[in-house]
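Data block below; observations after.
All heavy atoms count here, side chains included; hydrogens, waters and symmetry mates do not. First listed ligand is number 1; within each ligand, the first listed atom is number 1.
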Amino acid sequence: MRSTKRQAAVLLATLMGALACGPSDGAARPAERLSAQAGAPGIGDADFPLDGNGGYDVSHYALKLGYTPAGRRLDGVATIQATAKQSLTRFNLDLKGFKVSEVSVDGAAATFSRAGHELTVAPAAPLRQGSAFTVKVAYAGVPQPVVDSSNLGRYGFIPTPDGAFVACEPNGARTWFPGNDHPADKATFDFEITVPKGVTALANGELTGKPRTSGGKTTFTWREAHPMTTYLATATVGKFQLRQGTTPGGIRNLAAVDPKFAGSLDKLYKLSAEITDHWGTVFGRYPFSSTGGVVDDFSAGYALENQTKPLYGGFEPGADIIAHELAHQWFGNSLSIKRWKDLWLNEGFATYAEWLWAEHKGTGTADASFKSFYERPANDSIWAYPPGRARADDLFNESVYSRGAMTLHALRGAIGDETFFELLKTWTSEHQYGSVTTEQFVALAERMSGKQLDALFDAWLFQPKRPTL
Ligand code: TRP
Ligand code: ZN
C-alpha cells in the first residue's frame, strides 16, 4: 500500500516544512524527526499498548449506520472530526473486522491499510500540527464482538435475535465503528441508525427528531452533546417498549425494555428517576441532558453504564445496580479515567454509591458494608490485589470494586463526613467532562482536608495485603 521510498520523500518534505516554520529543535536528529511524523498506534497506556492512537484528538464522531438483524450486517459511514497534535503523514484508527471500502481525509481519497485492529490512514497530503481535519471511513460486515479479554465474556456489538446488545467497556467500540478507542480521548457523538420498521435503535443522548420510516425501514437520530468515551457509546437495537417523561427534578428520562421484561418498565423508569435526582444532591448537578435505562433480552448477567442510558443485560434491575450505573454518570462518564489502571475511580466510587444508597434508604450503612468486607480472611483474593493498580489481564477484579469502595470509606472516616461529601462534589465539579487520575484525587483530598493521606491511600490502594485499621 505504501512505498517506503515515496513515504520517505513525503516525510522529508514535511520535515523541511516543519523546520521552516516551527520552533527550532536542535537536539532532534533527522531520524527522530522522521519517526515522529507517523501517529503512534497506541495512545500511550502502557497496559493497553495498542488501544487508542497517538498524534491526534477526536472532537466529534458522526456515525451513520444501517443494521439488519436477520443478516447481522452492519453498514457504516463514520465521519470523524479531529485535530492533529503533531504533523502527520499517517495516523491510525482502531477497527476490528469489517471490510473498509473507502477512506477520505478532508474530502480527498486517502490510502489505508489494515493490520489486526489497526486501520492506518495516509492522507493525500500530510496534516500540519494543530490543524483540524475530517476523516471519513465507509465500512461494512458482520460485527465480531470481543471474546475472553480483560476477564470479561463477550463485549462490543453483540448481535441478538431481534437486534444488537452494545456494551463496549473497555475496548469494544472498535467492533462497530472506527475511532480512537481509549477513554483518554473523549468526543461528542451523532448517530443516524437505520433499522427494519418495528425495531428501535437506542443510542446515547437524545433523539434530535422524530424517527422517519420509509421503504420498510426506520431511521433514528440521536445526539450526545457532552464529551463521551468510546466505550460508553451504544446503538442497542431491538424490539422495545418505551416510557418517556421527566424526573421530579426535571431531567428527561427514558426507560426501554425488551417485551420479555414488560413488567419491569415502570420500575426501571421510576427508580432511574428517583436515583438520578438523589445523586444530583449528593454528587452535584446531573452532568447530562437525560437519564434512563435499557433492559435487553440478552443474558449478559451484567450491566454497563452507557452514557445517559445504562444497559442491563437480561435481568430486572433492582435499586442497587441502578444506583451503581447511575453513579457512573458522574464517576467514569463525566469524569473519565486517563488510563485503565485507575479504574477504581469508576468502580470503587460506583460501588460506594450502592452503600450510600442503602444508607439513604435506611436499609443499611456504609459502615456495615465496609465491615462485612473487612472481615474477609487474610487470604481472600481482594487483599492480594491492590485496587489502585487495575491489571490489564484482570481489569474488573472484585477488589477494584469492593476494596475501591472500602478505600473511600476509610477516607471518609479519616476526614469526616462534612469534608468527605464536599470532596465528592468538588471532585465532580472541578473535573466535569474531563479526564482524571488517582494522583489528582489524592491531591484534592489532601488539599480539602488539610491532612497527609499518603499512608492511607498507599495501604488501601497499593499494598497487596489487608490494611490495618
Ligand atoms: N462497568 C461495568 C459495571 O458497571 C462492568 C463492565 C465492564 C461491563 N465491561 C463490561 C458490562 C462490558 C457490560 C459489558 O460494573
Ligand atoms: Zn461499575
Can a cation-pi geometry be assigned to R73 and Y67, taking NZ or CZ under 6.0 Å from the six-membered ring centre and within 45° of the ring axis?
-> no

Within the structure, does Y155 bring an N/O atom to less than 3.5 angstrom of an N/O atom in ligand 1?
-> no

Atom indices of ligand 1 within 4.0 angstrom of H324 heavy atoms, with elements | 3 (C), 4 (O), 15 (O)

Distance-only, no hydrogens or angles: does the K451 side chain make a donor-acceptor pair with backbone N or O of A414 under 3.5 Å?
-> yes

Closest by any non-hydrogen atom to atom 11 (C) of ligand 1: pick that one out of G313, G332, A303, A327.
-> A303

To the nearest 0.1 Å, how far is atom 15 (O) of ligand 1 from its closest protein heavy atom, and which atom is that?
-> Y401 OH, 2.8 Å

Check S435, S336, S334 against K186 for a side chain to side chain donor-acceptor pair (under 3.5 Å) and give me the one that passes.
-> S336

Ring pair (Phe, Tyr, Trp, His ring centres under 6.0 Å) with W355: which of F373, Y401, F370?
-> F373

Restricting to N/O/S, name the atom of H328 that gets closest to the Zn ion (ligand 2).
-> NE2

Under a 4.0 Å N-O cut-off, is there an ion pair linking R174 with D181?
-> yes

Basic-acidic side-chain contact under 4.0 Å: R391, D47 | no

Could you tell me whether the side chain of F441 reaches within less than 4.5 Å of the side chain of W427, counting heavy atoms only?
-> yes

Would you say Y231 touches ligand 1, if touching means a heavy atom closer than 4.0 Å?
-> no

What atoms in ligand 1 come closer than 4.0 Å to a heavy atom of E305?
-> 1 (N), 2 (C), 3 (C), 4 (O)

Can any side-chain N or O of T281 pair as donor or acceptor with the backbone N or O of H278 at less than 3.5 Å?
-> yes

What atoms in ligand 1 come closer than 4.0 Å to a heavy atom of F396?
-> 7 (C), 9 (N)

Looking only at distance, does Y302 have an N or O less than 3.5 Å from an N or O of ligand 1?
-> no

Hey, which N, O or S atom on E347 ends up closest to the Zn ion (ligand 2)?
-> OE1

Taking the Zn ion (ligand 2) as the reference point, name the nearest N/O/S atom of H324.
-> NE2

Out of F349, W279, W344, which one pairs with F331 under the ring pair (Phe, Tyr, Trp, His ring centres under 6.0 Å) rule?
-> F349

What protein heavy atom is closest to atom 12 (C) of ligand 1, reported as residue, atom name and distance in Å?
-> E169 O, 3.5 Å

Against heavy atoms of H328, which atoms of ligand 1 measure under 4.0 Å?
-> 4 (O)

